[in-house]
Number of protein chains: 2
Amino acid sequence: MNAPRLLLVEDDPALAELLEFRFRQQGYAVTSTPDGDEALLLAAEEVPDLVVLDWMIEGTSGLEVCRRLRKGKATAHVPIVMLTARGAEDDKIRGLETGADDYVTKPFSPRELIARVGAIMRRIRPALAGEVVEVGDLSLDATAHKVTRRGQTIVLGPTEFRLLKHFMEHPGRVFSRGQLLDAVWGSETEIELRTVDVHIRRLRKGIELDGAPDPVRTVRSAGYALEAF
Amino acid sequence: MNAPRLLLVEDDPALAELLEFRFRQQGYAVTSTPDGDEALLLAAEEVPDLVVLDWMIEGTSGLEVCRRLRKGKATAHVPIVMLTARGAEDDKIRGLETGADDYVTKPFSPRELIARVGAIMRRIRPALAGEVVEVGDLSLDATAHKVTRRGQTIVLGPTEFRLLKHFMEHPGRVFSRGQLLDAVWGSETEIELRTVDVHIRRLRKGIELDGAPDPVRTVRSAGYALEAF
DNA sequence: AGGTTTTGTGACACATTCGTGACTGACTGT
DNA sequence: ACAGTCAGTCACGAATGTGTCACAAAACCT
């Protein structure tokens with residue numbers, strides 16, 4: 001299991017607890033602290049995959065934490081989502097320059113924050129080469145070339161395996177047939193777009209399991225995506 | 001999914017190459033030229049999503065290029081980021097008047113430029129920057145091709161999705177039927193204006209929810225707008 | 001109110017896109 | 001040479017989306 005690690009820095013206990021709960025629900029491994037200095041320590045100890053940072057916190061200010069994270073060698077490229085007070089346009093601009101990746105303005109719904117964080121994870125997180133990737137009830141071990149669903153071992157053909165791997169590296173994201181050809185077949189192939197459909201079909205057939213929904217979503221006139229539950 | 005297109009106009013070969021590389025890394029589709037006149041041609045051929053423009057370049061001056069881009073109908077609203085020499089305050093002012101959207105003063109770090117460009121992309125075309133766009137109680141994730149309203153997932157047809165996306169990128173702004181045809185269908189379509197009405201209807205039907213007001217506003221004899229609550 | 005213009009809406013014929021089974025040929029290991 | 005596996009293509013039906021029209025409803029103007 002390698003759930004994405006999320007560091008939450010928020011000093012309102014009620015909000016912190018709520019967010020922590022919701023993020024765990026989403027499958028994140030959450031570390032939470034109300035204090036900016038402690039956040040830096042924690043981040044240094046175990047580099048998180050993403051930081052959610054309140055602008056106004058105890059200890060060091062959010063902005064300062066952001067800056068220091070960027071300076072730290074190991075944490076320089078960790079995406080940061082800032083929580084800012086309403087209408088603080090100047091803060092927004094200053095924050096962007098400091099290197100935050102996104103903003104959510106208070107008051108916000110947990111759902112909105114989760115959507116943003118999800119979008120960033122999808123955008124930033126590169127291919128997890130050589131590791132075990134988990135999306136929903138699927139698990140893929142790139143090194144061992146093994147796929148399981150709910151513990152059941154799945155057997156896939158080579159192309160289907162690469163296709164699934166690509167989807168699992170970018171869960172939820174929609175790819176056009178052309179993009180899939182580029183990513184899975186290679187960028188210089190001259191293959192019919194519709195061929196992708198056939199392999200999607202074979203993939204679907206391969207991973208199907210009674211009682212489990214089809215995680216491959218067809219987006220009409222756009223492409224396909226792997227549903228990120 | 002089409003990567004945001006960036007036109008880079010810079011005549012220092014070393015700098016141009018560096019920036020081109022960094023921007024590509026960030027997922028932009030970069031076209032680069034050292035020459036102002038050529039830049040105008042390129043921009044006319046395929047309208048970029050953003051222009052990074054050096055003040056001092058061969059051929060036509062940066063200022064002049066900026067002015068001409070603003071005059072061109074298709075390129076009038078393309079955001080422009082200027083690269084200026086240190087402390088050229090007058091240039092800054094003149095440039096702003098000409099319509100550049102932001103400035104970066106040499107010497108600058110690529111990181112700073114990228115942050116600014118990122119910020120502008122987010123401001124102008126959030127969906128292009130891979131962001132989740134939120135307007136009122138609507139939320140649209142272009143990458144995942146998903147729309148939700150008050151947490152409820154909304155299913156839309158392809159055209160309705162593009163239509164909503166366009167509205168959400170310009171909340172509150174009124175578009176005529178013709179503008180919508182250009183933006184959503186493409187500029188070379190020969191479609192009845194009234195067809196837009198039908199798709200607006202379908203969009204409304206798609207996003208309707210008990211207890212929630214219709215966010216699509218009809219502006220009589222002008223067009224439609226998405227209400228920004 | 002009465003007439004005019006503009007927009008909303010349901011229906012429908014046509015177009016597009018997708019899912020699917022079948023087929024061929026390439027390649028592999030025996 | 002043979003069976004087995006896999007990739008790519010195709011064709012056809014099913015599902016879904018698209019553009020237009022005609023008429024109803026609403027807004028506007030005098």
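Naming convention: chains lettered A, B, ... in sequence-line order (proteins, then strands); numbering from 1 in each chain.
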message: Using the ring-ring contact (aromatic ring centres under 6.0 Å, His included) criterion, which residues pair with A/His166? Sequence neighbours excluded.
response: A/His170, A/Phe175
message: So, using ring-ring contact (aromatic ring centres under 6.0 Å, His included) as the criterion, who are the partners of A/Tyr224 when residues are at least two apart?
response: none
Whole angstroms only, please: what is the [atom1]-[atom2] distance between [X] and [N]?
X        : N      : atom1 : atom2 : value
B/Leu181 : D/dG19 : CG    : C1'   : 11 Å
B/Arg162 : D/dT18 : CZ    : C1'   : 11 Å
B/Leu193 : C/dT7  : CG    : C1'   : 13 Å
B/Arg177 : C/dT5  : CZ    : C1'   : 12 Å
A/His199 : D/dC10 : NE2   : P     : 14 Å

Among residues at least two apart in sequence or on other chains, which ones pass side-chain hydrogen bond (donor to acceptor under 3.5 Å, both in side chains) with [X]?
X        : value
A/Glu160 : A/His199
B/Arg24  : B/Glu20
B/Arg220 : none
A/Arg201 : none

message: Measuring only between side-chain heavy atoms, which start at C-beta, is B/Ser32 closer than 4.5 Å to B/Glu10?
response: no
task: Please determine, for the side chain of A/Tyr224, which listed nucleotide (C/dG8, C/dT17, C/dG19) has the closest atom?
output: C/dG19
field: salt bridge (charged side-chain N to carboxylate O under 4.0 Å, His left out): pairs with one or both residues in residues 183-199 of chain B, sequence neighbours excluded
entry: B/Arg177-B/Asp197, B/Arg194-B/Asp197
field: Contact pattern, 5' to 3', of nucleotides 21-30 of chain C - B, S or - by protein heavy atom under 4.0 Å
entry: SB--------
Quick test: give all pairs of protein nitrogen or oxygen and nucleotides 11-15 of chain D nitrogen or oxygen below 3.5 Å, distance rounded to 0.1 Å.
unit_1: D/dA15; atom_1: N3; unit_2: A/Arg220; atom_2: NH2; d: 3.4

